[in-house]
Number of protein chains: 2
Amino acid sequence: MGVRTQAVKTAPAETTALAADVSDLGVLQGLIGFRLRRIQNHLSRTFAERLIDRGVRPGSFSALALVAANPGISQTELSRDLGSDKASVVSLIDELEGHGWATRQRSTSDRRRHALHVTPAGKKVLREMTAIALETEAPLHEALSEAELSVLSEMLDRVYNRCFAYDID
Amino acid sequence: MGVRTQAVKTAPAETTALAADVSDLGVLQGLIGFRLRRIQNHLSRTFAERLIDRGVRPGSFSALALVAANPGISQTELSRDLGSDKASVVSLIDELEGHGWATRQRSTSDRRRHALHVTPAGKKVLREMTAIALETEAPLHEALSEAELSVLSEMLDRVYNRCFAYDID
DNA sequence: TATTGTTATACTCTATAACTATA
DNA sequence: TATAGTTATAGAGTATAACAATA
């Protein structure tokens with residue numbers, strides 16, 4: 001398994017059990033986009049599987065968490081924080097509101113805006129979903145130390161906030 | 001813009017121009033899945049836009065790059081490296097083969113396997129697409145130093161190889 | 001005129017399951 | 001029995017464009 005070239009096949013000893021089966025990344029070596037995707041692909045799929053009983057999607061969890069942490073946030077602001085389009089947020093909030101986990105309140109100062117809030121029931125389910133999210137990311141804690149995970153998070157936040165947070169129309 | 005709570009509004013001085021508009025991540029603070037997604041979302045969308053003239057998708061680029069770096073790789077092995085299902089690889093290779101950029105060669109030792117190879121035309125277009133990919137990721141180089149990008153890549157590879165590279169059936 | 005939220009629509013990505021040919 | 005590749009299909013996630021209400 002994993003052996004495809006004569007050159008590799010003739011190498012009798014493997015430096016580590018893992019390294020031998022890892023493909024050369026070629027020009028992808030200098031890029032991080034594909035690295036983000038292949039990890040995120042696994043994580044979101046696993047998370048979605050574990051969340052399916054509750055009728056929620058990973059995106060709804062992120063939305064609920066952000067509304068809980070930023071009470072009164074608008075949908076457009078939320079779309080910026082989620083890194084997606086404002087139209088996508090509509091169905092997310094529809095879902096949360098349908099479960100009775102979040103509310104839309106028409107802003108009195110600017111009647112175009114919906115101020116979003118999380119209900120007590122929403123806070124309860126958020127705690128449960130957070131536990132599932134942590135469980136899903138548990139494997140990361142075996143590959144990376146806590147210090148490394150902090151560094152990783154900080155770097156990803158810096159990238160997002162400096163590069164993309166203001167791209168959304 | 002970005003100000004939504006009275007507490008924030010009463011803070012007159014902003015530490016930095018950016019920090020003031022960044023939402024509290026709440027329980028997402030301890031998670032990295034959503035951080036990966038929102039960055040990857042932007043990157044892949046931009047990359048796809050710039051690639052559309054050539055009739056390629058981001059996934060095809062990754063596949064082409066991996067086949068170029070690992071001549072003779074099988075489709076199942078490729079699916080593992082891409083972090084996706086073997087069925088997804090079929091259409092990727094169909095696309096590359098349709099353009100004349102890659103070939104499927106039935107393995108003589110195991111006639112079930114397709115040994116994948118990149119054609120000279122494929123190598124040429126790979127160089128062009130690599131330039132577009134680098135251009136797409138250029139903003140990352142403003143947010144992170146080269147040393148930090150190396151650390152980031154290494155950490156992401158460690159996560160993938162230790163956690164997910166063997167999950168694929 | 002510009003912005004918030006909405007709807008309708010379509011497209012991309014990916015997975016699942018069932019199939020074939022080979023082993 | 002198990003594996004490599006294929007096909008058909010369905011679902012999740014997201015974007016675009018056009019629209020109504022409000023600023």
Write down the distance between [atom1] ([X]) and [atom2] ([N]), rounded to a whole number of angstrom.
| X | N | atom1 | atom2 | answer |
| --- | --- | --- | --- | --- |
| B:R113 | D:dA4 | CZ | P | 7 Å |
| B:E49 | C:dC11 | CD | C1' | 13 Å |
| B:E77 | D:dA4 | CD | C1' | 11 Å |
| A:I52 | C:dA15 | CD1 | C1' | 12 Å |

Counting primed atoms, P, OP1 and OP2 as sugar-phosphate and everything else as base, the B/S/- map of nucleotides 18-23 of chain D against protein heavy atoms under 4.0 Å is ---BBS
salt_bridge(B:K123, B:E128) N-O dist < 4.0 Å:
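No, B:K123 and B:E128 are not salt-bridged.
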Decide, yes or no, whether a salt bridge links B:R45 with B:E49 under the criterion of side-chain N to carboxylate O below 4.0 Å.
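Result for this pair is no, no salt bridge flagged.
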Over its full length, what angle do the end axes of the helix from C:dT1-D:dA23 to C:dA23-D:dT1 make, each axis taken from five pairs and the result rounded to 10 degrees?
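What I find for the helix from C:dT1-D:dA23 to C:dA23-D:dT1 is an axis angle of 10°.
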Residue B:R45, side-chain heavy atoms: nucleotide from D:dT7, C:dC13, D:dA15 that is nearest
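My answer, after comparing the listed nucleotides, is D:dA15.
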Are the side chains of B:H114 and B:S74 in touch, meaning some heavy atoms are under 4.5 Å apart?
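No - every pair of side-chain heavy atoms lies 4.5 Å or more apart.
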Side-chain contact test, heavy atoms from C-beta onward, threshold under 4.5 Å: evaluate it for B:E142 versus A:R162 and give yes or no.
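No, too far: nothing below the 4.5 Å cut-off.
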Going by the angle between their ring planes, with limits at 30° and 60°, are B:F47 and B:F61 parallel, tilted or perpendicular?
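The rings of B:F47 and B:F61 stand perpendicular, inter-plane angle above 60°.
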Please classify the nucleic acid contact of B:R37 as base, sugar-phosphate, or nothing, using heavy-atom distances under 4.0 Å.
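Since only primed, P, OP1 and OP2 atoms lie under 4.0 Å of B:R37, the category is sugar-phosphate.
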When you measure from the side chain of A:R104 to the backbone of A:Q75, do you find a donor-acceptor pair of N or O atoms at a distance under 3.5 Å?
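No; zero donor-acceptor contacts below 3.5 Å.
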Could I get the full list of salt bridge (charged side-chain N to carboxylate O under 4.0 Å, His left out) partners for B:R57, not counting sequence neighbours?
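Residues passing salt bridge (charged side-chain N to carboxylate O under 4.0 Å, His left out) with B:R57: B:E95.
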